[in-house]
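Everything on this sheet refers to the single structure shown next.
Order of listing sets the numbers, starting from 1, for every ligand and every atom in it. Since this is a predicted model, take the numbers as computed values, not measurements.
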Amino acid sequence: MNSTIDTILNHRSIRKFKNEPIKQGDLNLILEAATKGSTSSYMMAYSIISVTDPSIKKELAAITTQPYVEKNGHLFVFCADLNRNSIMATPEELNQMKDNLENTEHLLVATIDATISAQNAVIAAESLGIGICYIGSIRNNISKVDRLLKLPKNVIPLFGLVLGYPDHHPEIKPKLPIKALHFFDTYLDNKDIYPSIIAFDKQLNDYYSNRASNNRQDNWSNQMTRKLMSPTRMDVTQFVMSKGFRKK
Ligand SMILES: Cc1cc2nc3c(=O)[nH]c(=O)nc-3n(C[C@H](O)[C@H](O)[C@H](O)COP(=O)(O)O)c2cc1C
């Protein structure tokens with residue numbers, strides 16, 4: 001065990017923060033870490049927006065219905081971004097790259113790049129004693145977030161990341177066992193995955209029924225079935241296409 005592994009294994013999302021901004025030196029280190037990771041074909045196809053304007057924070061918190069999007073030490077929004085990669089091209093070159101840029105492949109490239117950057121920021125933050133929570137619920141109204149942040153064509157908001165000094169200490173949430181998530185050589189037959197899920201359902205039900213706050217009877221399979229039966233953010237496809245991504 002070393003301190004990096006220790007930081008990673010002790011992750012838990014933090015949703016209540018002290019009323020203190022992140023120290024500027026720490027923020028600089030987090031941004032250094034966020035911008036030094038691997039990146040597909042050296043494209044660096046992501047942007048990070050620090051949301052500091054209280055009125056924009058308030059609007060984002062309303063979209064997410066999560067108070068910690070407003071009350072935190074710092075708020076980032078991570079975007080998939082193919083804007084910088086194409087702005088130096090001539091109109092003829094732009095015309096020639098259009099089909100390629102709009103391929104779903106480039107939506108994946110930019111989303112993966114943004115996610116690598118965010119997770120580097122997370123590890124850096126947590127190693128400094130700063131708590132984090134990813135915020136996918138900004139996509140509850142992705143068009144409004146786009147307008148609030150004045151994102152150009154070829155840039156889409158993916159998720160927020162709230163950071164701050166923790167004001168609670170939740171239990172670590174159990175995760176699926178490695179054997180349900182990691183396979184050798186070929187994908188496992190579903191019948192060989194069931195036992196891991198059944199065991200995990202029991203473990204998660206114990207966790208939910210015993211945890212200090214918001215305890216309930218539930219398990220992972222039921223949670224997933226409920227989640228996937230309820231249509232989610234069905235406007236995202238149209239929005240993504242309107243920004244020049246995934247048209248092919
Ligand atoms: C991309 C992404 C989006 C998320 N969006 C939200 C969110 O909008 N609100 C929230 O409270 N938690 C959000 N989470 C946190 C997850 O709920 C959390 O990571 C998961 O339940 C596991 O708990 P843990 O992070 O404490 O291990 C998000 C996580 C990820 C990776």
Practice task
For the residue pair Thr232 and Arg139, confirm or rule out a side-chain donor-acceptor distance under 3.5 Å.
Solution key: no
Practice task
Could you check atom 9 (N) of ligand 1 against the protein and tell me its nearest heavy-atom contact, residue, atom and distance included?
Solution key: Gln66 NE2, 3.0 Å
Problem - Shortest protein heavy-atom distance from atom 19 (O) of ligand 1, along with the residue and atom involved - result: Ser13 OG, 3.5 Å
Exercise for the section: Provide, to 0.1 Å, the distance between atom 8 (O) of ligand 1 and the closest protein heavy atom, together with that atom's residue and name. Expected result: Ser137 OG, 2.9 Å
Handout entry: Within-shell test, Thr64 vs ligand 1, heavy atom, strictly < 4.0 Å
Key = no
Practice task
Check the surroundings of atom CD in Gln96: do more than 12 heavy atoms from other residues, nucleotides or ligands lie under 6.0 Å from it?
Solution key: no
Handout entry: Any side-chain heavy-atom pair of His11 and Ile132 under 4.5 Å
Key = yes
Problem - Enclosure of Lys179 NZ (heavy-atom neighbours >12, cutoff 6.0 Å) - result: no
Exercise for the section: Check for a donor-acceptor pair, side chain of Asn2 on one end and backbone N or O of Ile5 on the other, with a separation under 3.5 Å. Expected result: yes
Fill in the blank from the handout: If you scan protein heavy atoms around atom 14 (N) of ligand 1, the nearest is Tyr134 O, 3.3 Å
Fill in the blank from the handout: ligand 1 to Arg15, heavy atom cutoff 4.0 Å, flagged ligand atoms 10 (C), 11 (O), 12 (N), 15 (C), 16 (C), 17 (O)
Exercise for the section: Looking only at non-hydrogen atoms, find the nearest pair between Asp201 and Trp220 and report the distance. Expected result: OD1-N, 3.0 Å
Exercise for the section: Using a strict 4.0 Å cut-off to heavy atoms of Arg12, name the atoms of ligand 1 that fall inside it. Expected result: 26 (O)
Handout entry: For atom 5 (N) of ligand 1, the protein heavy atom that lies nearest, with its residue and separation
Key = Gly136 N, 2.7 Å
Problem - Asn19 atom CG: more than 12 heavy-atom contacts under 6.0 Å - result: no
Practice task
Using distance alone, determine whether Lys173 and ligand 1 share an N or O pair under 3.5 Å.
Solution key: yes
Handout entry: Check: Gln24/Asn28 side-chain N/O donor and acceptor closer than 3.5 Å
Key = yes
Exercise for the section: Examine Cys133 against ligand 1 and note whether any of their N/O atoms are separated by less than 3.5 Å. Expected result: no
Completion exercise
ligand 1 atoms nearer than 4.0 angstrom to some heavy atom of Lys175 are 22 (C), 27 (O)
